[in-house]
Amino acid sequence: MRAPGPLLEVEGLSKAFGGVTASDALSFTVMPGEVHALIGPNGAGKTTAVAQIAGELKPDDGRIRLDGREISHLPVHRRALLGLGRSFQITSVLPDFSVLDNVALAVQAHAGHSFRLIRNARRDARLRDPARAMLTRVGLAAVAGRAAGALSHGEKRKLELAMALAGHPRLLLLDEPMAGMGGEDSARMVEVLQGLKGTVAMLLVEHDMDVVFALADRITVLDGGRVLATGDPEAVRADPAVIAAYLGEEGVACQPC
Amino acid sequence: MAERAPLSPRVRLGLHLLGLLALALLPPLLTLIDEPFYVTLATRVLILALAAVSLDLILGYGGMVSFGHAAFVGVGGYVTGILAHHAFMGDPLMLFGLAVPGMNEALIVWPLAMAVSAVAALLIGVLSLRTGGIHFIMITLAFAQMLYYLLVSLQAYGGDDGLTLWGRNTVAGTDLLADRETFYYVCLGLLAVVVLAFRRLVDSRFGLVLQGARQNERRMRALGVPVTRYRLAAFTLAGAVAGLAGVLSVNQAEFVSPTLLHWTHSGELLVVVILGGMGTLVGPVLGAFVLMGLEEVLAGVTEHWRVILGPVLVLVVLYARAGLHGWVIGPRRHADADGEGAS
């Protein structure tokens, strides 16, 4: 057995688009089972960091390790199979397929190759049963037969989560999972994520500070592509640099005039 | 158009089988009304349909807009034509220092032609699938045109003028295919087998991956699916079936020329699929009958028949988004929770 090291290690990650430095020697870790929030003002490089970890963007420099294994040069699908589950900032489902099809396909993706040409995959209990169980878990069982494209925004976000979870990931990359959700949906999503805490590590990009402080074990604050601070929520909240750069805006607004 | 309640899968299957029955009864009916010439026309329609069905697999299900599909039809046709030519001349075909004897035997030539078409599709697919969208359309067109000009330049095989065959391929040494009606039924049988096999395929794990990649490639990759290799497999399979259509086409006409690969033929295949209904497999068969039927009728009315056909196509694209197939029998019922939508 390996000594329990970090599940995800990001080391010296750098990425520039023309003259704009989106990631500037970014380093942080996510421990097994931890909910790690990545926060920062708009343009701080959160989404760029997630895209590099997922493999959609090639870093100019730096290394990414998952459970000690270097994954910096692997394509997106290989990283997914190694345990990176993903929900996108902008909802990303398969709109023409039913909700159940969407999740069953996620199960299928992790069940070996798909060069199976004859048997009807929609009648394959090995795919449908786990998918149905996952829909029950996120509260979408009632709409399993609907077209995914016809779901409400909040339902789509839940579906994305179900698809990410169906592959039994070790690390969930959640890019603003509550974006565009109403208060009720958002609260339900926080509940679902809280229920997952401890079973799967999460790297959570989120703007809503209430959500961040409700869920995160640790927080990394980005600004201008650099890590401004990392620590537990209380320490980050008290960090003067963070207050100045980010929370400060809110803090100032809250000051009684 | 108003939304219609989808028909049950059983009713849809029934309608499709009814269509097959009608096609099976066509030759005796045409003989009855003393118009046997139309059997030949119907055979050409079935062959066009076969090529279009193979395009529908990658276009309708895989979202790959190939503007060079006729290339694979042409490759299959030329394999047939060139082997027949050598059989007739009695000299072997020299290929990379290997002497391949000419032959006319369908049981060897047809699978061989399909294999060569598959290899051509594999090679073109490997290069083309690195691109997407408009670039994919253009690069498939470019490869098809390259093959077209290559064949135009092959003076040994007639160049621009093509090759005339001495007769159709033999089956186990017999000239079974020489009979008009028998040949019709061979084409119909092969088309039916391909449509049924593809129907199974599109509902298999492979088929769902293919359709998933059409809807959202990024999501599929994030799920852990290496999208490109599944697309390539489908592209290759479609190429092989298009090659079979080429084989049948050359046997039907007893003639092969570069026109078979011309971009207008690729365009015609796209029109047939879109007219009939993308992603339906049966739709392209309907599309082939309607397109060739319209051509036949309109060409009798005016030599400028394309002036009428063009607007008809535009109307279909605008008002019958699911093609004629969707217009006639409605949308496919959504695949629901218990997997009953699978038809």
Would you check if the distance from the ring center of Phe235(B) to the ring center of Phe72(B) is below 6.0 Å?
yes
How about Phe136(B) and Phe67(B): are their ring centres within less than 6.0 Å of each other?
no
Sort out for me which of Glu160(A), Gln108(A), His113(A), His77(A) touches chain B most, counting heavy-atom pairs under 4.5 Å.
His77(A)
Taking all atoms of both residues into account, what is the closest heavy-atom pair of His153(A) and Met181(A), and its distance?
CD2-N, 4.1 Å
Minimum heavy-atom separation for Ala54(A) to Leu173(A), with atom names?
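In terms of heavy atoms, the two residues are closest at CB-CD1, 3.9 Å.
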If I measure from the heavy atoms of chain B, does [X] come under 4.5 Å with its side chain, its backbone, both, or neither?
X	result
Arg116(A)	both
Leu84(A)	backbone
Ala111(A)	both

Using a cut-off of under 4.5 Å for heavy-atom pairs, which of Arg221(B), Arg200(B), Arg218(B) has the most such pairs with chain A?
Arg218(B)
Find the one option among Arg219(B), Arg205(B), Gln211(B) whose heavy-atom pairs under 4.5 Å with chain A are most numerous.
Arg205(B)
Please step through side chain to side chain contact (heavy atoms under 4.5 Å, CB included) for the pair Lys158(A) and Arg188(A), ending with a clear verdict.
CA-CA 10 Å; Lys158(A) 284 185 205 162; Arg188(A) 171 93 182 100; 4.0 Å; yes
